[in-house]
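Contents: one structure, followed by commentary.
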Amino acid sequence: MQKYGKAMLAGLAATVVLSALMVVKAMMGIMPTLDLPRMIAGMMGAPNAPLLGWIVHFMIGVVGYGIAIAVFGNSATGIGNVSRGVVISVVGWLVMMVMLMPTVGAGFFGMKMGIMAPMMTLVLHIIFGAVLGWVYGRLIGNDQRLAGVRA
């Protein structure tokens, strides 16, 4: 499998983990207003079509983050794949906080929903990035850990 295919597979794995955490969060009744698929669908003019939001959510995770880890996954920065995945996902979180959240009326960093919105989404992005980098490292045969040391 080529580098980009492996990277998109890593994006799929990370998106499945993130999505499962989002579903558990919703089932527990934690921050019900923080419904990212519905927010994405709303941005697209279809607030009552959360399936559309889920599809776009998966496309962003698989294609967007997959390509990002493939492009930046083999750089000579001296950091491991897990760290690189976390950095990529934190950049994505920042974009979400300054672009998506204000667009859906939640304000910068989602502060209209309270301090838990940026905190929870940051934690979810960090988990996503760690899974993305770890799976990508495994798939390309380079399972570097946080400090870039081979296991």
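Excluded from the calculations below are hydrogen atoms, water molecules and symmetry mates; all remaining heavy atoms, backbone and side chain alike, are included.
At least one side-chain heavy atom of Y65 sits less than 4.5 Å from a side-chain heavy atom of F128. Put simply, the side chain of M22 does not reach to within 4.5 Å of the side chain of L34, judged on heavy atoms. The side-chain heavy atoms of R138 and N81, taken from C-beta on, include no pair separated by under 4.5 Å. Side-chain atoms of F108 and M99, non-hydrogen and from C-beta on, never get closer than 4.5 Å to each other. Annotation: side chain of F58 is in contact with side chain of V16 (closest heavy-atom distance under 4.5 Å). The shortest distance between side-chain heavy atoms of M59 and W54 does not fall below 4.5 Å. For the pair I127/L18, no side-chain contact is recorded, criterion being any heavy-atom separation below 4.5 Å from C-beta on. Taking the side chain as every heavy atom from C-beta outward, L21 and K25 never approach each other to under 4.5 Å.
If you check the side chains of T15 and H57, you find no donor sitting under 3.5 Å from an acceptor.
Distance check, rounded to the nearest 0.5 Å: CE of M8 to CD1 of I67 gives 6.0 Å. Considering CH2 of W93 and CD1 of I126, their distance stands at 8.5 Å, rounded to 0.5 Å. Distance check: H125 NE2 to L132 CG gives 11.0 Å after rounding to the nearest 0.5 Å.
Around CE of M111, the count of heavy atoms belonging to other residues, nucleotides or ligands within 6.0 Å exceeds 12.
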